[in-house]
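This structure is a prediction, so every number in the text was calculated from the model and none was measured.
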Amino acid sequence: MSSGSAAQPQEPSGTAERGAGTGRSSGSGFRPELQGLRAVAVLLVAVYHIWLGRVSGGVDVFLLLTGFLITGSLLRAVERGGRVDYAAFWSRLVKRLFPGAAAALAGILAASYLFLPATAWRDAISGTIASALYFQNWHLALSSVDYLAQNSGAGPAQHFWSLSVQGQFYLVWPVLITAAAALARAAGWPLRRVVTAALALVFAASLAYSVAVTAADQPWAYFDTGARLWELALGGLLALALPHLRLRRLPRILLGWVGLAALVSCGLLVNVSTLFPGFIALWPTLAAAAVIVAGSTGSPLAADRLLNLRPLHYVGDHAYALYLWHWPVLVCYLEVTDRTQPSLTGGCLVLAVSMALAVATRWVGEDGVDAFTRARPGRLWSVSVGAACIVPVLAASGVWSGYLTHQQRQQELAATQAQAADYPGAAALGAAATAPAQAQDVPVYPDPANASEDVPVTYTDGCNQGIPESEVLTCSYGPEDPVRTIALVGASHAAHWFPALREIARGEHWRVVNIIKGSCLFTAADQLRHGQAYESCAVWNSGVMAELADLRPDAVFTTATRTNLDAGSGPVGESVVEGYVSRWRELDAMGIEVIAVRDTPRLDFNAPDCLAENRPEDCVGQRHRSMARTSPLERIDDLPGNVAYIDLTDLLCRGDRCPAVIGNILVYWDSAHITATYMRTLAPVLRDRIEAEAGL
């Protein structure tokens, strides 16, 4: 399942399409084919998620429809009353959208507790809060460039990202229409021409930005409101242009079928997950626009005949609620069944449960609220009812988060008060040990539910450079007059050695300078990320060399090899990365020593998730899956003389077995990165080997 895998069909006017634009069958009134189009879009989204594990472009259809409907609605409001009634507009939105969203978010919290492992609870809570406050898209965008967050699985609330985009659109669009109306009045220009010009400007600017940012950093662009705004603007332009389009019946019939076929095939022919939302997103948006332009032809051979079928209209009536539920139901199903993709029967069950919840949600959350507020007219009632739905969700999220934090602090206190012998960590694999120590009456530390927080302090200090940026960040830890200065340089697999180095530095009066960038290896060669040139990494690497030339540390501590399990991110197994040795030679010419540490083994499972559901002895990886039998660095004959090689694999694995827990301490906080707690237990041996190999 893709991280950019959701769209939700939602609009302020519920299921009615009154005033949606000029339709040939019904003037400016009801357009029944739009209800069928909405149904097709939500079914595409659900089917692609459930059985194909990818996205369909359905999100783009809903964004287009939202722009189409809202632009027409706001424009008619200005033409009738001379202005946008903000209070009325937003109160209707709150009444329509909040009840269903609150019901789904409450269900997500409950389902997360019941069906998901404790390791997923914090992500579920943060996702729920971000969704309820309409910034889920930015929450996910930041995660897409945060290396620490990239390994987390698909959250049950992440599909709310597009609702967040639309929520932000609802704030901006009335202001845009108001500004255009004011300009039209002041200049004496026709309102619709000014609005058309404004939307065309937004469309062009946003599309250009979308193409550029998608090429530079597609995962970020997928959730970026600025990269999506053109799709909403395109819908608005369509609403303005539709009354002027005059096509004969036959071209409209052909246009309807071409548009529908293009929409259905988009997700099959294009890898939407990795290419959108650049220019390729014109495919589904223009396909949907073609269906809208075709309108209702009245022909039994036309696509609108299919779109007007009663079952599709029924799905369209429940499209918003169906979208809200299908994703969390799917996530919980996969977790409970321990599958990566549903079977045909399982997928049908997911759809059936989602539809049942959608019907119930609309009955209670939409129709019920509508009946309640109809009996109590007034904008204040609408806003109050919406808030009454969302506030309990936020309160429950806060209480649960506080409880988890309290539990974490209690466990930390218990661990600090426990005997050191209960938590030997790496010492359990020392020469005198016979097996990894895991006392049955001693809990694993850190708790798997909080493992993702047991990372080097440099991450919380803001001392690790993010993926998009190229500026060299340096943070020094230790005395101003150190005996030695060690620069820790590289990507996250260099960064996770920081806790051990800092322990050594405290005892030896050293200073450690942290120079780390996410996913960016310390090499002289160009690197790729997601199949594209990692340009910010190349700039950063050049900057690091300039920084080291000024700093002149006694040694640079970095990774000597790279282990890998993912064929999509380089050669599988262990290798000496191209450009490593060249970079070390450059440091040799500068008179700087290199402490090159062998990369750590990677697991083919997430260690905290495994421990949340299994015994520690059942969570063991295989060394040979990611590491060579002998280090590939040892096969290089012409290493520069400044390189001291260190291999601590014997304190992470015994033979081919690499346990997730050693000496009652959790080794990995995900599937590849070592916890800060376990890394600190490596410090004594690392200190001895640095002295033996590097003479420091």
Side-chain angles (χ1 to χ4, degrees), residues 145 147 216-217 456 458-459 461-478 480 482 484-498 501-502 505 510-529 532-562 569-570 575-599 632-633 636 638-646 690 693-696:
V145 298
Y147 195 90
D217 193 348
T458 54
Y459 286 105
D461 284 354
C463 294
N464 286 6
Q465 185 57 278
I467 289 172
E469 294 79 21
S470 58
E471 178 189 0
V472 177
L473 296 180
T474 62
C475 292
S476 296
Y477 300 82
E480 291 297 324
R484 299 189 188 281
T485 296
I486 308 297
L488 176 63
V489 184
S492 62
H493 272 229
H496 66 195
W497 289 95
F498 177 84
L501 284 177
R502 195 179 187 193
W510 290 357
R511 178 173 55 149
V512 178
V513 180
N514 186 78
I515 311 176
I516 298 294
K517 176 175 167 61
S519 297
C520 184
L521 302 173
F522 183 47
T523 172
D526 292 334
Q527 296 173 61
L528 299 177
R529 182 172 180 268
Q532 299 177 338
Y534 192 0
E535 295 178 359
S536 67
C537 179
V539 175
W540 179 84
N541 260 290
S542 297
V544 169
M545 292 305 294
E547 182 68 30
L548 293 175
D550 291 337
L551 180 63
R552 295 289 172 170
D554 294 281
V556 166
F557 189 102
T558 191
T559 48
T561 63
R562 182 175 188 266
S569 61
S575 62
V576 176
V577 174
E578 181 184 359
Y580 268 11
V581 177
S582 298
R583 189 62 88 201
W584 301 342
R585 288 198 179 97
E586 293 176 30
L587 293 175
D588 192 19
M590 296 164 59
I592 299 174
E593 298 295 311
V594 174
I595 302 171
V597 64
R598 188 178 187 181
D599 199 3
L633 192 72
I636 297 178
D638 58 343
L639 280 178
N642 65 327
V643 176
Y645 174 60
I646 294 176
I690 288 177
E693 300 296 333
L696 298 180

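Taking 4.5 Å as the limit, every side-chain heavy atom of Glu547 sits out of range of all side-chain heavy atoms of Val513. When side chains are defined from C-beta on, Tyr459 counts as touching Ser492, because their heavy atoms get closer than 4.5 Å. The shortest distance between side-chain heavy atoms of Ile515 and Val556 does not fall below 4.5 Å. In this structure the side chain of Leu587 reaches within 4.5 angstrom of the side chain of Phe522, judged on heavy atoms. Residues Val489 and Val472 have side chains not in contact (no heavy-atom distance under 4.5 Å, counting atoms from C-beta outward).
Taking the six-membered ring where the residue is Trp, Trp497 and Phe557 present tilted rings, their angle falling between 30° and 60°.
Taking CD1 of Ile595 as the reference point, atom CG of Asn642 lies at 11.0 Å (rounded to 0.5 Å). The CG atom of Leu633 lies 12.0 Å from the CD1 atom of Ile646; values are rounded to the nearest 0.5 Å. To the nearest 0.5 Å, the span separating CH2 on Trp510 from CG on Leu696 amounts to 5.5 Å. For the atom pair CG of Leu501 and CZ of Arg511, the computed distance is 14.5 Å after rounding to the nearest 0.5 Å. With rounding to the nearest 0.5 Å, the separation of CD in Gln527 from OG in Ser536 is 9.5 Å. One distance of note links CG of Leu521 with SG of Cys537; it measures 6.5 Å at 0.5 Å rounding.
Atom CD of Glu586 sits in a crowded spot, with more than 12 heavy atoms from other residues, nucleotides or ligands closer than 6.0 Å. Around atom CD of Gln532, more than 12 heavy atoms belonging to other residues, nucleotides or ligands sit under 6.0 Å away. In the displayed structure, Asp526 atom CG is contacted under 6.0 Å by at most 12 heavy atoms of other residues, nucleotides or ligands.
Here the rule is side chain to side chain donor-acceptor pair (under 3.5 Å) with His493, and of Asp599, Thr559, Thr561 only Asp599 fits it.
Judged by distance alone, the side chain of Thr523 and the main-chain N or O of Glu578 form a donor-acceptor pair under 3.5 Å.
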